[in-house]
Amino acid sequence: MITTLDRLHRPVLVLNASYEPVNICAARRALVLILKGVALAEEHTAGNFHAQRSAYPTPSVIRLLEYRRIPHQARALSRKNILMRDRYTCQYCQRIMPSSDLTLDHVVPRSRAGESSWENLVACCHHCNNRKGNRTPEEAGLKLLRPPKPFSLHTNRHLMRLLARGDVQWRKYLFY
């Protein structure tokens, strides 16, 4: 059974006024945008949110009412963004795991002047991180699934397409 808290965190596709996909937000944020009159719900999913005097359908896709110019901006370097970029997959043993079972690994260890950057951080399970230790992957006999790269517009669109596999209502808006 899906709880109200789960529905509040459900991903919602955000479209610009031109129907161009621009972001993904939580259902709670989508409801706030709708109630403020900044966005309209284009698609709904099962279930309602109940307030004291009314009920609101759970949005699946929202569209901003005014066109917003979205500047090209770099994504913040964070644990969440690294895990999303790496699709919650250990980059050494290739197992998909929940975020609580993953850690971040410096490909070039910090003790060897390895920086905390998009190109040096990867998602890694605890077992592989302990196995690698304070060594490079080659020294530890490990091979990276793919070389780490910065989060890009392509990565963001790929994530939207991956999430769309689970939500049929998104597919008609993700045409690229």
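Worth knowing before you read on, the calculation uses all heavy atoms, side chains too, and leaves out hydrogens, waters and symmetry mates.
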Novice: Mark yes or no for whether Thr45, through its side chain, and Pro59, through its backbone, hold a donor-acceptor pair below 3.5 Å.
Specialist: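 Not a single qualifying donor-acceptor pair exists.
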Novice: Is a donor on one side and an acceptor on the other found under 3.5 Å between the side chain of Trp170 and the backbone of Ser60?
Specialist: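 Yes: the side chain of Trp170 pairs with the backbone of Ser60.
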Novice: Among the clusters formed by ILVMFWY side chains lying less than 4.5 Å apart, do Leu121 and Trp118 turn up in the same one?
Specialist: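 Linked, Leu121 and Trp118 end up in one cluster.
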Novice: Using the side-chain contact (heavy atoms from CB on, under 4.5 Å) rule, take Arg28 and His9 through it: C-alpha gap first, then chi angles, then the decisive distance, then the call.
Specialist: CA-CA 7 Å; Arg28 177 185 172 131; His9 295 294; over 6 Å; no
Novice: Can you measure from OH (Tyr173) to CG (Leu13) and round to the nearest 0.5 angstrom?
Specialist: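 Reported value, rounded in 0.5 Å steps: 8.5 Å.
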Novice: Could you tell me whether a side-chain N or O of Arg135 sits under 3.5 Å from a main-chain N or O of Lys132, the two making a donor and an acceptor?
Specialist: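 Yes; judged by distance alone, with no hydrogens or angles, the pair exists.
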Novice: So for atom CD, which belongs to Glu115, do other residues, nucleotides or ligands contribute more than 12 heavy atoms lying within a distance under 6.0 Å?
Specialist: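 No.
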Novice: For the atom pair CZ (Arg95) and SG (Cys124), what is the distance rounded to the nearest 0.5 Å?
Specialist: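 If I round to the nearest 0.5 Å, the distance is 10.0 Å.
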Novice: Give me the atom names and distance for the closest heavy-atom approach of Ala140 to Arg131.
Specialist: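 Heavy atoms of Ala140 and Arg131 come nearest at O-NH2, 4.0 Å.
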Novice: Under 4.5 Å between side-chain heavy atoms, hopping through other hydrophobics if needed: is there a path connecting Tyr88 to Met97?
Specialist: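 In one cluster with Tyr88: Met97, yes.
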Novice: Within this structure, what is the CZ-CG distance for the pair Arg110 and Asn120, rounded to the nearest 0.5 Å?
Specialist: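 The distance works out to 10.5 Å.
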Novice: Determine yes or no for a side-chain-to-main-chain donor-acceptor pair under 3.5 angstrom, with Gln94 supplying the side chain and Thr89 the backbone.
Specialist: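 Side chain of Gln94 to backbone of Thr89: no pair is present.
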Novice: Mind checking the CD1-CE spacing from Ile24 to Met84? Nearest 0.5 Å is all I need.
Specialist: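 Result: 7.5 Å between the selected atoms.
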Novice: Got a second to check how far Asn129's CG is from Tyr92's OH, nearest 0.5 Å?
Specialist: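 Separation between the atoms: 7.5 Å.
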Novice: As a quick check of understanding, evaluate side chain to side chain donor-acceptor pair (under 3.5 Å) for His106 and Ser116, giving each step before the final call.
Specialist: CA-CA 7 Å; His106 287 79; Ser116 292; 2.9 Å; yes
Novice: If we only count heavy atoms from C-beta on, is the Ile96 to Arg87 side-chain gap below 4.5 Å?
Specialist: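 No, too far: nothing below the 4.5 Å cut-off.
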Novice: Would you check if the side chain of Ser18 reaches a backbone N or O of Asn16 as a donor-acceptor pair within less than 3.5 Å?
Specialist: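 Answer holds: no.
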Novice: Any chain of hydrophobic side-chain contacts (each under 4.5 Å) joining Leu102 to Leu77?
Specialist: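 Yes, because Leu102 and Leu77 connect within a single hydrophobic cluster, where side-chain heavy atoms sit under 4.5 Å apart.
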Novice: Run His50 and Asn48 through side-chain contact (heavy atoms from CB on, under 4.5 Å) and show every step you take.
Specialist: CA-CA 6 Å; His50 297 276; Asn48 290 321; 4.0 Å; yes
Novice: Is any side-chain heavy atom of Glu42 less than 4.5 Å from a side-chain heavy atom of Tyr19?
Specialist: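 Yes. Closest side-chain heavy atoms under 4.5 Å.
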Novice: Minimum heavy-atom separation for Val14 to Cys25, with atom names?
Specialist: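 Answer, listing the atom of Val14 first, then Cys25: CG2-SG, 3.6 Å.
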Novice: Of all heavy-atom pairs between Asn134 and Pro109, which one has the smallest distance, and what is that distance?
Specialist: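 Heavy atoms of Asn134 and Pro109 come nearest at OD1-CB, 3.2 Å.
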Novice: Would a hydrophobic clustering, with Ile, Leu, Val, Met, Phe, Trp and Tyr connected at side-chain separations under 4.5 Å, put Ile62 with Val38?
Specialist: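 Yes, because Ile62 and Val38 connect within a single hydrophobic cluster, where side-chain heavy atoms sit under 4.5 Å apart.
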Novice: Minimum heavy-atom separation for Asn81 to Ala76, with atom names?
Specialist: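 Smallest heavy-atom distance, with atoms named: ND2-O, 2.8 Å.
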Novice: NE2 of His127: more than 12 outside heavy atoms within 6.0 angstrom?
Specialist: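 Not buried by this count: 12 neighbours or fewer within 6.0 Å.
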Novice: Whether the side chain of Arg79 engages the backbone of Ser99 through a donor-acceptor N/O pair (distance < 3.5 Å, no angle test) should be reported.
Specialist: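 Pair found, side chain donor or acceptor close to backbone of Ser99.
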Novice: Between Cys128 and Leu142, what is the shortest heavy-atom contact and its length?
Specialist: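 Cys128 and Leu142 have their closest heavy atoms at O-CD1, 4.1 Å.
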Novice: When you measure from the side chain of Lys80 to the backbone of Leu83, do you find a donor-acceptor pair of N or O atoms at a distance under 3.5 Å?
Specialist: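 No, the answer is negative, given that no donor and acceptor are paired below the 3.5 Å cut-off.
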Novice: Does some side-chain heavy atom of Val107 sit less than 4.5 Å from a side-chain heavy atom of Thr136?
Specialist: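 The answer is no; the side chains never approach within 4.5 Å.
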Novice: Where do Asp86 and Ala123 come nearest, in terms of heavy atoms and distance?
Specialist: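 Minimum heavy-atom contact is OD2-N, 2.8 Å.
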Novice: With rounding to the nearest 0.5 Å, note down the distance linking CD in Glu20 to CG in Leu15.
Specialist: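 These two atoms lie 9.0 Å from each other.
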Novice: Is Leu35 linked to Phe49 within one hydrophobic cluster, defined over Ile, Leu, Val, Met, Phe, Trp and Tyr using a side-chain heavy-atom separation of less than 4.5 Å?
Specialist: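 They do share one cluster, since a chain of ILVMFWY contacts under 4.5 Å joins Leu35 to Phe49.
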Novice: With heavy-atom distances below 4.5 Å as the criterion, would you say the side chains of Leu64 and Glu66 are in contact?
Specialist: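 No, their side chains stay 4.5 Å or more apart.
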Novice: Is a side-chain donor or acceptor of Arg85 paired with a backbone partner of Lys149 at a separation under 3.5 angstrom?
Specialist: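 Side chain of Arg85 to backbone of Lys149, a donor-acceptor pair under 3.5 Å: yes, one is there.
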